[in-house]
Amino acid sequence: MLKIGRNDPCWCGSGKKYKTCHLEFDRKLENYEVMGEEVPYHSMIKTPAQIEGIRHAGVINNQILDLVGEKICPGISTEDLNTLVHEATIRLGGIPAPLNFEGYPKSVCTSINEVVCHGIPDPKRILLEGDIINVDVTTIVDGYYADASRMYCMGKVTPEAEKLVRVTKESVDLALKEARAWGHLGDIGAAISEYIYANGFTVVREIGGHGVGLEFHEEPWVSHIGTRGTDMLLVPGMIFTIEPMVNAGKPDVVQDDSDGWTIYTKDGSLSAQWEYTVLITEDGPEVLAW
Ligand code: MF3
Ligand code: CO
Ligand code: CO
């Protein structure tokens with residue numbers, strides 16, 4: 001790494017001199033590294049201007065999910081949800097990040113019942129009473145990304161489905177309490193998996209959360225199963241998603257061969273997911289999108 005002079009401008013882009021900005025912070029990181037900790041690169045630590053931009057993308061992303069919550073009901077198709085998300089995103093000055101992302105064909109992911117994630121909107125799939133659905137919205141505003149998803153229950157659902165949806169949300173809220181500066185990424189996965197297992201459900205291992213903000217998917221990878229005190233150190237300025245996929249049955253998942261996207265539970269059991277975009281600050285987590 002290039003050594004920055006004490007009087008040079010700080011790498012964070014604040015415009016302040018390094019010695020009055022991140023010098024002490026970098027020394028602290030170096031000390032942790034010497035002690036054997038895995039510390040984030042500077043590229044995983046957002047500058048104040050980037051945080052401002054990502055926060056704004058989060059506001060827009062929340063508005064889109066609020067609108068989904070107002071309109072979603074049995075009888076509409078997942079394609080209708082796609083149109084709703086696409087048009088709202090454009091109207092609010094954003095770009096739907098999923099559209100054309102690595103060939104993904106739509107503007108939102110809609111994952112129903114045994115679909116774990118990456119369900120593709122379809123005019124033939126009409127929402128039915130009893131369905132549980134995850135709607136995953138990612139919005140680009142002025143080049144900055146925010147990523148969040150919520151579950152919706154269509155009318156009356158089974159007690160098991162209701163519990164799965166509720167417990168999955170509760171696991172993210174519990175994990176948030178552990179998303180503190182100078183803690184560890186493993187604390188988050190531990191909080192989620194302990195709570196989920198205690199409730200008789202399982203956690204998908206293969207798909208995790210991710211750094212987000214300047215791109216759709218950045219480092220670090222966020223496991224939803226973990227051990228406290230292990231994995232990367234959490235540092236102020238890091239922004240990543242927490243997005244556990246929780247199955248009512250076995251944790252194994254399979255990908256649809258024909259569309260190349262849809263992920264199902266292997267045993268056909270129900271799956272739920274909630275996703276937040278979270279900023280780590282000295283004063284605790286700030287949820288930028290939910
Ligand atoms: N929004 C998903 C996530 O939480 C990613 C969807 S990728 C897509 O990471 F291409 F399917 F949109
Ligand atoms: Co995500
Ligand atoms: Co998402």
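Just so you know, ligand 1 is whichever comes first in the structure, and atom 1 is the first atom listed for that ligand.
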Is there a donor-acceptor pair under 3.5 Å between the side chain of N134 and the backbone N or O of V116?
->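 Between the backbone of V116 and the side chain of N134 there is no qualifying donor-acceptor contact (under 3.5 Å).
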Check ligand 1 against [X] and write out every atom of the ligand that is under 4.0 Å from a heavy-atom position of the residue.
X	value
H217	3 (C), 5 (C), 9 (O)
W261	8 (C), 10 (F), 11 (F)
E243	3 (C), 4 (O), 9 (O)
P98	12 (F)
F216	1 (N), 5 (C), 6 (C)

Near-ring test F25/H42, centroid separation under 6.0 angstrom =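 Between H42 and F25, the centre distance exceeds or equals 6.0 Å.
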For the ring pair W221 and H210, is the centre-to-centre distance below 6.0 Å?
->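 Ring centroids of W221 and H210 are no less than 6.0 Å from each other.
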Please confirm whether [X] comes under 4.0 Å of ligand 1, counting heavy atoms of the residue only.
X	answer
K106	no
H118	yes
T138	yes

Any idea which protein heavy atom is nearest atom 2 (C) of ligand 1, and the distance to it?
->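 Among all protein heavy atoms, the one nearest atom 2 (C) of ligand 1 is D136 OD2, 3.4 Å.
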NZ of K266: more than 12 outside heavy atoms within 6.0 angstrom?
->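 It does not: K266 NZ has 12 such atoms or fewer within range.
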Are more than 12 heavy atoms from other residues, nucleotides or ligands located less than 6.0 Å from atom NZ of K19?
-> yes
Taking all non-hydrogen atoms of both residues, which atom of A146 and which atom of A289 are closest, and how far apart?
-> CB-CB, 4.1 Å
Does NZ or CZ of K169 come closer than 6.0 Å to the centre of the six-membered ring of W290, within 45° of the ring's axis?
->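 No, K169 does not lie over the aromatic ring of W290.
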Let me know which of D147, N62, N61 forms a side chain to side chain donor-acceptor pair (under 3.5 Å) with T139.
-> N61
Any side-chain donor-acceptor pair under 3.5 Å between S77 and E79?
-> no
K106 and F101, any side-chain heavy atoms less than 4.5 Å apart = no
Near the Co ion (ligand 2) (cut-off under 2.8 Å), count of protein N, O or S atoms =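 Step by step: take the Co ion (ligand 2), keep protein N, O, S below 2.8 Å, and you get 4.
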For R91, which residues count as a side-chain hydrogen bond (donor to acceptor under 3.5 Å, both in side chains) partner, sequence neighbours excluded?
-> none
Is D147 close to ligand 1, meaning an N/O of one under 3.5 Å from an N/O of the other?
-> yes
